[in-house]
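What follows is a single structure, written as structure tokens, with notes after it.
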Amino acid sequence: MSRLVVVSNRVAPIKEGKAVAGGLAVGVFDALRDSGGVWFGWNGEVTSQPKLVCETVGSITYATIGLNKRDYDQYYRGFSNATLWPIFHYRIDLARYNRDEYEGYRRVNRMLAEQLKPLLQPDDVLWIHDYHLIPFAEECRQLGIRNRIGFFLHIPFPAPEILTAIPPHNELLKTFCSYDLIGFQTEVDRQAFEDYIAREVRGLIGADNAMTAYGHDFRAKHYPIGVMPDEIRKTAESYRGRRNMIGRRESGEPCETIISVDRLDYSKGLVERFGAYEELLDRFPEHRRQVQFLQIAPTSRSDVKTYQHIRQQLETQAGHINGRYADLDWMPLHYLNKSHERKILMGLFRAARIGLVTPLRDGMNLVAKEYVAAQNPDDPGVLVLSRFAGAARELSSAVIVNPYDRVGMAEALDRALRMPLEERKDRYESMMRVIRQNDLAGWRDNFLRDLRGPASRPVLLRQTPARAV
Ligand code: ADQ
């Protein structure tokens with residue numbers, strides 16, 4: 001079978017057993033470990049003389065390179081994280097556009113394609129990940145690379161009305177169509193992409209997920225990313241460490257735990273979530289001293305301005321909630337910015353009565369699936385899940401909430417805290433069926449099978465007139 005070459009913005013400094021924050025890193029690492037191959041991308045360092053370094057650990061060769069300061073500012077901090085990330089998460093209000101940054105983004109994609117070219121073998125299959133690398137295939141094609149190239153978007157794909165706020169959207173989407181296969185998390189994302197192709201560029205939409213646009217034939221399909229449920233359950237069962245801090249107050253009296261684990265990001269809805277928890281304590285005084293909320297949120301992108309702002313906001317809110325409600329032997333909110341080892345997280349998930357996952361927008365959200373997979377089947381906790389997480393499309397047996405509805409979320413938490421065992425089990429079993437069906441191996445295998453499969457020319461089904469842009 002042909003070798004797999006994975007390209008992602010960041011190649012995590014992963015050695016077996018090390019903590020990994022970030023869903024992409026977890027998914028890709030597990031996929032490559034099983035099949036072997038090359039993982040190529042940025043090593044996370046900013047340096048004046050970037051140099052490609054190859055290191056083989058187990059079955060994976062890590063080929064990494066640094067970025068110079070200008071590239072880091074324009075490609076990473078700029079166009080990727082201050083333009084694409086907010087807009088793809090429906091936050092036009094937080095986005096900025098700067099033409100130099102866009103040019104830096106294109107330049108780094110070109111440089112990365114040039115660096116990768118000498119490492120490639122003719123029958124390698126390339127799998128490119130996420131929004132930092134949308135033009136990567138186009139750059140490869142211009143260098144004469146003819147390998148199959150697929151792309152998976154881990155974040156949402158916005159509706160055309162939102163996407164067109166990016167001034168060079170047309171040029172950007174033109175490069176997107178150079179892939180042989182484009183994967184999305186949900187059917188909603190794929191449909192938004194199809195709408196753009198059909199309405200904005202008069203592309204052709206064919207049967208079997210085939211499309212033609214800008215003179216390229218490709219497929220676009222959804223592949224919901226999953227987790228490895230058996231491994232999670234085993235890890236969660238075997239973890240004995242700090243679990244005692246959960247489920248008890250300092251005095252030793254029982255206390256239910258609500259847990260949330262996210263990268264500290266405005267798309268994850270932490271501010272709204274803290275507000276909902278305060279509302280719960282306010283509106284349902286019977287839960288005071290009976291419940292604690294553990295929010296683990298390691299900082300990310302802390303040199304991007306909007307991230308500094310949300311961090312300050314959360315510190316103020318956490319101080320306010322604890323100042324208002326805490327007692328000598330009860331801390332209502334534990335707010336930790338530290339990253340944690342996976343086995344600790346899984347153990348904490350299992351011990352917590354509620355998994356509270358309430359992003360304002362999220363491509364999928366692996367924490368939601370991990371929380372469910374970590375539960376004890378005989379006494380499972382309850383997943384409270386935002387309707388705006390991709391995971392809500394699959395996990396419809398969670399308690400689904402709207403993260404903009406503070407009182408509605410407080411009521412959902414109250415309901416989850418009171419939920420009888422039989423209902424908890426029913427919901428858990430139904431979610432586990434889906435999690436098993438669409439696990440991480442399935443996600444990878446389905447994507448790679450389609451990428452390696454025959455390319456087909458699209459059959460015209462519908463073509464709509466172009467709109468004025
Ligand atoms: P992320 O936005 O990073 O990923 P998510 O899907 O929740 O979000 O993945 C986070 C992963 O990192 C989980 O596996 C979690 O266990 C781990 N993690 C989080 N906090 C941690 C901590 N403190 N310590 C250790 N590990 C931690 C992007 C998209 C998502 C999409 C994923 C995968 O934004 O929507 O689900 O990619 O495609």
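Read the numbers this way: they start at 1 and go in the same order the structure lists the ligands and their atoms. Because the structure is a prediction, the values reported are computed rather than measured.
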- Task: Ignoring hydrogens, just give me the one of H340, K338, H129 whose non-hydrogen atom is nearest atom 22 (C) of ligand 1.
- Result: H340
- Query: Looking at ligand 1, does any of its N/O atoms fall within less than 3.5 Å of an N/O of F152?
  - Reply: no
- Nitrogen or oxygen of G363 less than 3.5 angstrom from that of ligand 1: yes
- Query: Relative to the heavy atoms of V367, which atoms of ligand 1 are at a distance of less than 4.0 Å?
  - Reply: 7 (O), 15 (C)
- Please work out which of R342, E370, M346 has its closest non-hydrogen atom nearest to atom 16 (O) of ligand 1. E370
- Does a donor on one side chain and an acceptor on the other come within less than 3.5 Å for N43 and Y62? no
- Can you figure out which of D362, D265, L264 has its heavy atom closest to atom 35 (O) of ligand 1? D362
- Task: Might you work through the side chain to side chain donor-acceptor pair (under 3.5 Å) test for Q74 and N98, ending with a clear yes or no?
- Result: CA-CA 9 Å; Q74 295 185 339; N98 175 310; over 6 Å; no
- Query: Is the side chain of R424 donor-acceptor paired with the backbone N or O of V382 at a distance under 3.5 Å, no angle test?
  - Reply: no
- Item | Under 4.0 Å to a heavy atom of P298 - the qualifying atoms of ligand 1, by number | 22 (C), 23 (N)
- Between H154 and ligand 1, is there a nitrogen or oxygen pair with a distance under 3.5 Å? yes
- Message: Taking D445 first and then R452, would you say they form a salt bridge - that is, a charged N and a carboxylate O separated by under 4.0 Å?
- Response: no
- Message: Please compare V261, L345, I155, I232 and report which has the shortest non-hydrogen distance to atom 20 (N) of ligand 1.
- Response: V261
- Task: Answer yes or no: does an N/O atom from N365 fall short of 3.5 Å to an N/O atom of ligand 1?
- Result: yes
- Query: What atoms of ligand 1 come within less than 4.0 Å of a heavy atom belonging to I296?
  - Reply: 23 (N)
- Quick check: does M364 get an N/O under 3.5 Å from an N/O on ligand 1? yes
- Query: Going by an N to O cut-off under 4.0 Å, is there a salt bridge joining D262 and R273?
  - Reply: yes
- Residues that K221 engages under side-chain hydrogen bond (donor to acceptor under 3.5 Å, both in side chains), provided they are two or more places apart: D450
- Lys/Arg N to Asp/Glu carboxylate O, E429 vs K425, below 4.0 Å: no
- For the pair E139 and R106, find out whether any cationic side-chain nitrogen is under 4.0 Å from an anionic carboxylate oxygen. yes
- Pairing of E231 and K234 as salt bridge, 4.0 angstrom limit: no
- Message: Does any N or O of ligand 1 fall below 3.5 Å from an N or O anywhere on R263, backbone included?
- Response: yes
- Under 4.0 Å between a Lys/Arg side-chain N and an Asp/Glu carboxylate O for R311 and E315? yes
- Item | Location of contacts on L366 toward ligand 1, heavy atoms closer than 4.0 Å | both
- Nitrogen or oxygen of E341 less than 3.5 angstrom from that of ligand 1: no
